[in-house]
Amino acid sequence: NISERLRSALGAFGKRGQLTEDNIRDGMREVRKALLEADVQFDVVKSFVKDVTEKAVGEQVIQSVEPGQMIVKIVQDELTELMGPADPRVEFADKGPTVIMMVGLQGSGKTTSSGKLARYFRSKGRQPLLVAADIQRPAAIDQLETLGKELDIPVYAERGGRPAKICQRAVAEATSRGCNVVILDTAGRLHIDEALMDELNDVKSKTSPHEIFLVCDAMTGQDAVVSAKEFNERLDVTGVVLTKMDGDARGGAALSIKKVTGKPIKFMGVGEKLDKLEEFHPDRIAGRILG
Amino acid sequence: ILTIGRNLDDELLEELEEKLHTSDMGPTTAMALMERVTKAYKAREIKTTDDVMPFLKSSLLDMVGGGDDASITLRPDGPTVILVVGVNGAGKTTSIAKLAHHFAAQGKKVILGAGDTFRAAAVEQLTVWAGRIGCEIVKHGQDADPAAVAFDAVEAAVARKADVLIIDTAGRLHTQANLMAELEKIKRVIGKRIPDAPHEVILVLDATVGQNAINQAMLFNQAAGVTGLFLAKLDGTAKGGAVIGIRNEVDVPVKFVGLGETSEDIEPFDADQFVAAILE
Ligand SMILES: Nc1nc2c(ncn2[C@@H]2O[C@H](COP(=O)(O)OP(=O)(O)OP(=O)(O)O)[C@@H](O)[C@H]2O)c(=O)[nH]1
Ligand SMILES: Nc1nc2c(ncn2[C@@H]2O[C@H](COP(=O)(O)OP(=O)(O)OP(=O)(O)O)[C@@H](O)[C@H]2O)c(=O)[nH]1
Ligand SMILES: [Mg+2]
Ligand SMILES: [Mg+2]
């Protein structure tokens, strides 16, 4: 892990209670490699290392600590600050249903996360409605209806029609169905697919979502920045859900996405079952990214 | 940008370094390549991109090149059994539809095995694909034993004289020991009915995956003996360079790439095209 690597890179020569420019430069080389191995995007790593190097140079030195350990602490604090603060709040509407739109690349975990969020909101005393806005993928509606049945949460579905209209009608009917949180599960799509990205804007303009969650796979590599940036520029997302955090991916994509969009990571998926949703904790993922 | 005779300078080297890293080939490989280029540049052995591109191209081709097991060869006798595995959401079920279409278009009789008995509507999803491609599907009910489905599918493939049997499995993380054990069991059970089956074990990878792909390949290989990679979603902006890192650890060729969401969006792996896309 990073502490051991820093110790072997600096430890033998580093005197306790001292952080020299050489220590910092050598230490940052190890940190850079660790972050790249953790899938943090190349340019994000570059600017991060630059910022932390400046911080380390100006740092107060602690007498009893090895330089390697000092660097780890500075890096971890900086990562935590960049990823945070923990902010799982959802903007609920003062009147009428709260609309939450789920978007992202294919297979990132939108449908499963929609079910998880529905369960989460119900546990907070709300009445959710799941909306099957993916009319493209084979058996996508069946998938969401199965989750709804499992949770005993209603699912709005129309077999045929355009996603934006389906979502509009679902929101219009929510209150009469006794629901006050509407979760729109959209089809996965590429950020470079003009027509499908326009479709998302159409859904947004017809439903005025209170939250737009970008659902991202924690094992995504360098491309995380490219897709997240495009989704955000097109839709101005309000939060990120990071899925499959129960694996052993270091999750560097989280840092890249946060840095490039500035939007908070609100929730994490930590398993396939519908109770496997957690509020995001920046300090925990900071340690994991660093390794 | 890099391929026209541009003079090498610090700025271009930085551009090159970013290109290599952002392909997902991993920092170790990217740094090793950059070190050799920078050394030759500083020693004035190379001056323009024309000097450096052939070197990069051949280095990358060596790392990822196909060789002669870079496709699926059908057995002359009895069904060729293909087991498809991979982490959640990678693209397994859709890639199976593509493989089925690929072989059906060659006039082969294809049968599908609905081995994902866990995820919501997984069997329904594969059933829709079977209907669209016009091939039979063997399935049990929700939460059935996947090994039992696999066994029945092999029996059916033999009885109905199918040329190809493709078995779907539930997405699973390589870190879930019990699910990797389940995969071993599925493979064993298949082998009970046809001694050297499955003849192919295809690991589906999402082209957007980062360095975690290496752990995925190692652990899936350990559990099931992977014979080929299917790189899905290469129609996005990700380069899929993680397969380079994989090849350094596990000697498994990329056999196919997925370029979209229909059953026709499949192509045999083209190493030249793959490397060119990384370097362009
Ligand atoms: N282990 C694990 N698996 C997850 C998690 N979230 C989702 N999955 C699995 O990931 C796979 C894809 O999830 P879906 O919800 O179908 O993804 P999607 O984004 O709706 O996919 P498309 O609609 O095709 O774009 C499924 O097998 C899910 O069970 C998670 O947090 N952990
Ligand atoms: N653009 C694009 N999308 C793809 C490709 N392959 C699969 N997909 C999409 O990725 C999503 C997930 O595909 P699935 O086939 O359900 O993935 P899976 O691995 O079977 O998922 P689980 O069974 O839940 O683990 C679907 O929306 C597919 O349409 C591809 O090559 N290109
Ligand atoms: Mg979905
Ligand atoms: Mg599947």
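Below, chain A is the first sequence line, B the second, and so on; all start at residue 1. Because only heavy atoms are used, hydrogens play no part in the values below, and waters and symmetry mates are left out as well, while side chains stay in.
Judged purely by atom type and a 3.5 angstrom limit, A/Asp39 uses its side chain to pair as donor or acceptor with the backbone of B/Gln211.
Looking at every heavy atom in both residues, B/Met31 comes nearest to A/Arg32 through SD-NH1, 4.3 Å. Counting all heavy atoms, side chain and backbone alike, B/Thr175 lies closest to A/Asp246 at OG1-O, 4.0 Å. Closest non-hydrogen pair, B/Asp235 versus A/Ile192, comes out as O-CD1, 3.5 Å.
Contact count against chain A (heavy-atom pairs under 4.5 Å) is highest for B/Asp24 among B/Val87, B/Asp24, B/Thr94, B/Leu173. Put simply, of A/Glu145, A/Arg250, A/Arg137, A/Lys244, the one with the most heavy-atom pairs under 4.5 Å next to chain B is A/Arg137. When each of A/Lys33, A/His191, A/Gln222, A/Gln136 is checked for heavy-atom pairs under 4.5 Å with chain B, A/Gln222 comes out on top. Each of B/Ile214, B/Thr28, B/Thr22 has some count of heavy-atom pairs under 4.5 Å with chain A, and the biggest count is that of B/Thr22. Most heavy-atom pairs under 4.5 Å with chain B: of the set A/Ile141, A/Thr220, A/Thr146, A/Leu147, this distinction falls to A/Thr220.
Residue-environment remark: CD (B/Gln142) exceeds the threshold of 12 foreign heavy atoms within 6.0 Å. By the neighbour-count criterion of 12 heavy atoms within 6.0 Å, atom CG of A/Asp152 is sparsely surrounded, having that number or fewer from other residues, nucleotides or ligands.
In this structure, chain A has a heavy atom under 4.5 Å from the side chain of B/Asn215, while its backbone stays farther away. Heavy atoms of A/Lys110 lying under 4.5 Å from chain B are absent altogether. Interface remark: A/Gln41 contributes side-chain atoms only to the contact with chain B (heavy atom separation under 4.5 Å). Looking at A/Glu150, there are no atoms closer than 4.5 Å to chain B (heavy atoms on both sides), in backbone or side chain. Heavy-atom distances place the side chain of B/Gln216, and not its backbone, under 4.5 Å from chain A.
Here B/Asn88 contributes atom CG and A/Glu272 contributes atom CD; the two are 4.0 Å apart, rounded to the nearest 0.5 Å. To the nearest 0.5 angstrom, B/Glu14 atom CD is 7.5 Å from A/Phe42 atom CZ.
Under 4.0 Å is where a charged nitrogen must lie from a carboxylate oxygen, and between B/Glu17 and A/Lys46 no such pair does.
Within residues 119-134 of chain B, the residues having any heavy atom less than 4.5 Å from a heavy atom of chain A are, in residue-number order, B/Arg119, B/Ala120, B/Ala121, B/Glu124, B/Gln125, B/Val128, B/Trp129, B/Arg132.
Looking at A/Gln106 and B/Asp206, their side chains never come closer than 4.5 Å, going by heavy atoms from C-beta outward.
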